Engineer: 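I am attaching a structure below and will ask some questions about it afterwards.
No experiment lies behind these values; they were computed from the predicted model shown. When a ligand or atom number is given, it counts from 1 through the structure's own listing order.
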Amino acid sequence: MIIKNPSEVAVILELLSQAYPQAHCELNFTTPFELLVATVLSAQSTDQRVNKVTARLFAQHRTPAEFLRLSQADLEAEIQEIGLFRSKAKNILAACRALREEFGGAVPRTLPELMSLPGVGRKTAKVVLSNAFGIPALAVDTHVFRVANRLGLAQSTRVEETERQLEAVIPREQWIQTHHRLIWHGRRRCGARKPACEGCTLQAHCEYFCLEHRPK
Ligand code: SF4
């Protein structure tokens with residue numbers, strides 16, 4: 001499998017844009033801080049479950065200062081429907097302390113600063129940069145990784161290398177929307193176990209499909 005050339009990439013991006021013109025972040029938030037918390041909570045959980053919990057949580061606690069009035073046990077109780085809730089509660093409170101002490105209570109706008117916060121990895125930091133601040137960033141989650149490699153937009157078994165390859169072939173101004181469209185395609189059609197290739201408009205450009213359907 002080889003990475004597509006720029007004109008093939010442009011065709012794939014256009015087809016994704018036609019298939020998912022409205023693709024957007026499916027976590028609910030109204031401030032960068034809420035998105036940061038929601039994204040930390042979303043690891044190994046569904047956006048729907050996180051939205052259900054944060055609807056309740058953010059109605060009562062909306063800033064780092066308000067979160068810091070909660071004990072760890074209080075926060076654990078608020079988010080206990082979500083996987084890894086104990087470590088997430090611990091990280092969220094530690095991140096709130098760091099935001100208060102090092103950033104004046106505001107969410108920072110650079111990748112290294114975001115990644116300095118407890119519990120915030122590269123993917124979470126990029127989701128916040130792109131969705132809260134509109135700063136071009138291409139976060140590679142499990143869907144982006146799988147779909148990009150199937151399509152031949154990348155060719156790697158490693159997330160960070162996939163991210164570098166995608167950033168090299170996709171125009172910077174399209175990083176944010178492409179991230180959402182690859183996720184939507186992965187969630188709605190190109191699932192991990194059984195992609196719904198029949199009817200997929202990307203078939204003719206998909207390395208995975210071509211390999212699976214080549215004459216034996
Ligand atoms: S043809 Fe199949 S594997 Fe390829 S992008 Fe479409 S659904 Fe995914």
Engineer: Taking the six-membered ring for Trp and the single ring otherwise, decide whether the centroids of Phe29 and Phe58 are under 6.0 Å apart.
Structural biologist: no
Engineer: Here's one to test your reading of the geometry: is the NZ or CZ of Arg187 within 45 degrees of the ring axis of Trp184 and under 6.0 Å from its centre?
Structural biologist: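 Not satisfied by the 6.0 Å and 45° rule.
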Engineer: How long is the span from the NZ atom in Lys4 to the CD atom in Gln155, to the nearest 0.5 Å?
Structural biologist: 10.5 Å
Engineer: Identify the protein heavy atom lying closest to atom 3 (S) of ligand 1, giving its residue, its atom name and the separation to 0.1 Å.
Structural biologist: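 Ranked first by proximity to atom 3 (S) of ligand 1 is Tyr208 CD2, 3.3 Å.
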Engineer: Closer than 4.0 angstrom: is that true for some heavy atom of Glu207 and an atom of ligand 1?
Structural biologist: no
Engineer: If you measure from each non-hydrogen atom of Cys200 to ligand 1, which part falls under 4.0 Å: side chain, backbone, both or neither?
Structural biologist: side chain
Engineer: Quick check: do Leu41 and Ile92 have side-chain heavy atoms less than 4.5 Å from each other?
Structural biologist: yes
Engineer: What protein heavy atom sits nearest atom 8 (Fe) of ligand 1, and how far away is it?
Structural biologist: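 Checking every protein heavy atom, the shortest distance to atom 8 (Fe) of ligand 1 gives Cys190 SG, 2.4 Å.
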Engineer: Please list the nearest protein heavy atom to atom 5 (S) of ligand 1 with its residue and the distance rounded to 0.1 Å.
Structural biologist: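 Closest protein heavy atom to atom 5 (S) of ligand 1: His185 NE2, 3.3 Å.
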Engineer: If I take every N, O or S atom of Cys197, is at least one of them less than 2.8 Å from atom 4 (Fe) of ligand 1?
Structural biologist: no
Engineer: For atom 4 (Fe) of ligand 1, find the nearest protein heavy atom and state the residue, atom name and distance (0.1 Å precision).
Structural biologist: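 Among all protein heavy atoms, the one nearest atom 4 (Fe) of ligand 1 is Cys206 SG, 2.4 Å.
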Engineer: Within the 3.5 Å criterion, strictly below it, is a donor on Gln174 or Thr178 matched to an acceptor on the partner's side chain?
Structural biologist: no
Engineer: Between the side chains of Tyr20 and His180, is a donor N or O closer than 3.5 angstrom to an acceptor N or O?
Structural biologist: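 No, because no side-chain N or O of Tyr20 sits under 3.5 Å from a partner of the opposite role on His180.
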